[in-house]
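To keep things clear, I will list the structure first and then write my remarks on it.
Just so we're on the same page: letters track the sequence lines, and every chain starts at 1. What you see is a predicted model, and the numbers here were worked out from it, not measured in a lab.
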Amino acid sequence: MNIHKNMNNQELTRLLRAVEAAYRVKGESPFRIRAYDNAADSVEHATRELKDLWEEGRLQDIPGVGANIASHLEELYETGDVKHFRRAFKNLPEAMFELLEVPGIGPKTSYKLTKTLGITKSRSAVKRVKQAALKGKIRKIEGFGEESENQIIKGIEEFERRENRMLLPTATQLAEEFIAYMTKEKAVLRIDPLGSLRRRTATIGDVDVAVATRNAGKVIDHFKKFPQAKRILAAGENTARLIHRSGRQIDIKTQIPKRYGALLQHFTGSKNHNIHLREVALEKGRSLSEHGIKVGKITQEYSDEEKFYNALGMDWIPPELREDTGEIEAAIHHALPKLVSPNQIRGDLHIHTNYPWQSSHDMGTHSMKEMIEKANELGYDYVGVSDHNPSTSAHKTQQLISEVKKRTEFLEQIKYSLEKKSEKRIIKVLNSLEVDILADGKLALPDEALKMLDYAVVSVHSSMRMSNARMTQRLLKGLSHPKAKILGHPTGRLLSKREGYEADWERVFKFVKAKNKFVEINAWSSRLDLPDTLVRIAIDIGVKLVINTDSHAVSHMDLMHYGVDAARRGWASPKDIINTLPFEKLKEMLLETT
DNA sequence: GCCGTTTTCGGCCCGACTGTTTTCAGTCG
């Protein structure tokens, strides 16, 4: 186990899980094991680097990190090693921790395999286990058999071509295809996504689906015949799992209709939400499961999820909020937010067109007219056309000004022709640009050009590796210009490609609020930026947000609802989102320059 | 090992599926 001073949250998560695994092998107290599991979960989802928190003396701000684990982490950051962890790993083969990544292999199996086969080096561990399995050596080990040997081979094959998590739209599409197939079986009475897909997280591991049925056998049989299945992993009486052709896993859980609400609740998660919910139930002498609420020996049944929550003395909690970040307390006190919904969005303030100029970044594929017409079709009241600013290297200052002037006139003409053509409702068109915040915090357009715009979306597109302090300064400076109203894709993250850059977000948000600026929730699926956790922090500070698609083609404008998902996960109500406002109100807020 | 509108001690979520075990352990969600 590689332990060093500069471990980031991802490495730290692995380390804590390794300690957990070591404890499992050694038969430590189940509660201590769970404590490490909790701490690992918590670190994995933390919005700040633990090392930074350590520097501020706030390690225990992370739930699940108490006095003991905090002291171990202090030792880690001070000395680059943790004696306590070393002791936990003592007498365990290094290689066993590598095997834990293989689906189907847990700590005990991993230990047994590495020990019996004499595997020590972690790097070649998986390969050597596979070789042993292919030679039929594993079935001879006590406790293993032919079948488990095959399972190990298949698990390793999956591990070898393992891909990252799916983006939300990929998972949504996969689920839709699967649900369409399942619905052909008449025994399927109701069918819904579960898990992180139902909670609408930015990335999804497996697709989980619930089925209400009076004949689970028929449903499972139909499931097993899914033409897109590469192999069936498991199929019991009520649940089954398969690997889709794409390599993705799909699980179904069936339940009788009168218990369907309990099933939905149980498998929507998150894990932490359910654990907390069951604790609340236990205090009332009730026990929760996918079958219902058990009081003594009697299981109360719930066909719908709302009644399930109500029975526990709380309001129904929207799936997007089920992360155990205060939603259960809020539900008990009837204080859940009324979340924003897609039909409340009245406009898109960040779209790109193919307007012909030498752009600083990629242009759109459709014309201004086409994009505006699409916005009109979507029923929007307004749209802000915000191409990238012209390249600063290819234009002198005066040229930049004249380019923006030309484009402004062009857009005016389009607006005019639209008004002439349309008899009925006319969409309001705003003149905007997405302007780079350069490395020194200056905007990539001179004042005279900015002046012509209704507003600017300002974004970072270059020099992203920068210290937290410098990036914070850069963002504040970029946002200082009166026309800079929206901070575009604020963290710059690209899901499964690149981490967002670091900045002091609390400071940025306070600045944004004080200066009447807005922060974007970019709906593009690999961005979803602001991330939901930061949406929550921004809203708590009182920042107003705007959900934009950043469309580069007509079809992209349909993806707004993914941005709404992120907003909902961050507890956003319509009042937090400025593009739920009617045009006149929006104009007041957006076009005022203070 | 964590945590606290009953508690700084004494609790800590729940069940399905699989394989090899003849009664249950390991893994997963």
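- You'll find that the side chain of A:E279 is closest to B:dC12, out of B:dC12, B:dT27, B:dG15.
- Distance A:D37 CG to B:dC12 C1': 13 Å, rounded to the nearest Å.
- Using a 4.0 Å heavy-atom cutoff across all strands shown, A:P103 reaches sugar-phosphate atoms only and no base atom.
- Here the separation of B:dT23 from B:dG29, taken at their C1' atoms, is 24 Å to the nearest Å.
- Atom CZ in A:R24 sits roughly 10 Å away from atom P in B:dC28 (whole-Å rounding).
- For the C1' atom pair drawn from B:dT20 and B:dC14, the interatomic distance equals 24 Å after rounding to whole Å.
- The phosphate of B:dT18 has neither OP1 nor OP2 within less than 4.0 Å of any side-chain N or O from A:Q151.
- The interatomic distance linking A:L194 (CG) with B:dA16 (P) rounds to 16 Å, in whole Å.
- Picking from B:dC14, B:dC17, B:dT27 the nucleotide with the shortest atom distance to the side chain of A:A234 gives B:dC17.
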Original post:
Do A:Q265 and A:N274 pass the side chain to side chain donor-acceptor pair (under 3.5 Å) test, and can you show the C-alpha distance, the side-chain angles, and the key distance before you say yes or no?
Top reply: CA-CA 8 Å; A:Q265 196 293 313; A:N274 280 359; 3.2 Å; yes
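- Residues A:T120 and A:T114 are not in side-chain contact: their nearest non-hydrogen atoms beyond the backbone lie 4.5 Å or more apart.
- In this structure, the nucleotide among B:dG15, B:dG29, B:dC17 sitting nearest to the side chain of A:T239 is B:dC17.
- By the neighbour-count criterion of 12 heavy atoms within 6.0 Å, atom CD of A:E506 is sparsely surrounded, having that number or fewer from other residues, nucleotides or ligands.
- With a 6.0 Å radius and a threshold of 12 heavy atoms from other residues, nucleotides or ligands, A:K51 has its NZ atom above the threshold.
- One N or O on the side chain of A:S289 and one on the backbone of A:H291 form a donor-acceptor pair closer than 3.5 Å.
- The distance from atom CD1 of A:I243 to atom C1' of B:dC28 is 13 Å, rounded to the nearest whole Å.
- Rounded to an integer number of Å, the gap from A:I105 CD1 to B:dT18 P is 18 Å.
- Spacing of C1' atoms, B:dT7 relative to B:dG11, comes out at 9 Å, to the nearest Å.
- By the neighbour-count criterion of 12 heavy atoms within 6.0 Å, atom CZ of A:R231 is densely surrounded, having more than that number from other residues, nucleotides or ligands.
- In this structure, of B:dG15, B:dG1, B:dG29, it is B:dG29 that holds the atom nearest to the side chain of A:D206.
- Under the 3.5 Å distance criterion, the side-chain polar atoms of A:H266 are left unmatched by any main-chain donor or acceptor of A:L288.
- Atom name C1', nucleotides B:dG1 and B:dT5: the rounded distance is 24 Å, in whole Å.
- As rounded to whole Å, 14 Å separates atom P of B:dG19 from atom CD1 of A:I153.
- In this structure, A:K294 reaches the sugar-phosphate backbone alone: every heavy-atom distance under 4.0 Å involves primed, P, OP1 or OP2 atoms, never a base.
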Might you list the N or O atoms of the protein lying below 3.5 Å from N or O atoms in nucleotides 20-22 of chain B, with each pair's distance?
from: B:dT20; atom 1: OP1; to: A:G145; atom 2: N; distance (Å): 2.6
from: B:dT20; atom 1: OP1; to: A:G145; atom 2: O; distance (Å): 3.4
from: B:dT20; atom 1: OP1; to: A:S148; atom 2: N; distance (Å): 3.3
from: B:dT20; atom 1: OP1; to: A:S148; atom 2: OG; distance (Å): 3.0

**OP:** Determine, step by step, whether A:K127 and A:E98 satisfy the salt bridge (charged side-chain N to carboxylate O under 4.0 Å, His left out) criterion, reporting the C-alpha distance in whole Å, the side-chain angles of both residues, the deciding distance to 0.1 Å, and the verdict.
**Re:** CA-CA 11 Å; A:K127 199 190 281 178; A:E98 198 62 26; over 6 Å; no
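- Using a 4.0 Å heavy-atom distance criterion, A:H291 is classed as a sugar-phosphate-only contact.
- The closest donor-acceptor contact from the side chain of A:S42 to the backbone of A:P63 lies under 3.5 Å.
- For the side chain to side chain contact (heavy atoms under 4.5 Å, CB included) criterion with A:V129, the lone passing option out of A:V102, A:T109, A:L134, A:I152 is A:I152.
- Atom C1' of B:dG10 sits at a distance of 26 Å from the matching atom of B:dG15, rounded to the whole Å.
- Pair assignment for B:dT8 gives none, since no Watson-Crick or G-U wobble pairing has each distance under 3.5 Å.
- Residue A:E237 has its side chain nearest to B:dC17 when only B:dC17, B:dG29, B:dC14 are considered.
- Within 4.0 Å (heavy atoms only), A:F267 reaches no atom of the nucleic acid at all.
- Across all strands shown, A:L288 has heavy atoms under 4.0 Å from sugar-phosphate atoms exclusively, and none from any base.
- Of the listed nucleotides (B:dG1, B:dT27, B:dG29), B:dG1 has the atom at the smallest distance from the side chain of A:R32.
- Using modelled atom types, no side-chain atom of A:N150 and backbone atom of A:E147 make a donor-acceptor pair closer than 3.5 Å.
- At whole-Å resolution of the value, CD1 in A:I33 and C1' in B:dC28 are 16 Å apart.
- Between B:dT27, B:dC17, B:dG29, one nucleotide has an atom nearer to the side chain of A:K108 than all others, and that is B:dT27.
- Comparing A:A235 and A:S110 by the nucleotide of DNA chain B that holds the closest heavy atom to each, the one mapping nearer the 5' end is A:A235.
- Distance check on atom C1': B:dC12 versus B:dA16 gives 22 Å, rounded to whole Å.
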Subject >> Annotated protein contacts, base or backbone, on nucleotides 2-7 of chain B with a non-hydrogen cut-off under 4.0 Å, one of B, S, - each >> reply: SS----
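- Side-chain atoms of A:E327 come within 3.5 Å of backbone N or O of A:D324 as a donor-acceptor pair.
- Taking 4.5 Å as the limit, every side-chain heavy atom of A:F509 sits out of range of all side-chain heavy atoms of A:D540.
- In this structure, A:H266 does not reach the B:dA16 phosphate: none of its side-chain N or O atoms is under 4.0 Å from OP1 or OP2.
- Spacing between atom NZ of A:K253 and atom P of B:dA16 amounts to 11 Å, rounded to whole angstrom units.
- In the set B:dC14, B:dG1, B:dC17, B:dC14 carries the atom at the smallest distance from any side-chain atom of A:S289.
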Heteroatom pairs (N/O) under 3.5 angstrom, protein to nucleotides 8-10 of chain B:
none

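- Each of B:dC17, B:dT27, B:dC14 was ranked by its minimum atom distance to the side chain of A:N238; first place goes to B:dC17.
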**OP:** Determine, step by step, whether A:S270 and A:R199 satisfy the side chain to side chain donor-acceptor pair (under 3.5 Å) criterion, reporting the C-alpha distance in whole Å, the side-chain angles of both residues, the deciding distance to 0.1 Å, and the verdict.
**Re:** CA-CA 8 Å; A:S270 66; A:R199 301 199 311 279; 4.8 Å; no
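- No more than 12 heavy-atom neighbours from other residues, nucleotides or ligands sit within 6.0 angstrom of NZ on A:K137.
- Annotation: B:dC2 and B:dT6 have their P atoms spaced 23 Å apart (nearest Å).
- Taking only side-chain nitrogens and oxygens, A:H84 comes nearer than 4.0 Å to OP1 or OP2 of B:dG1.
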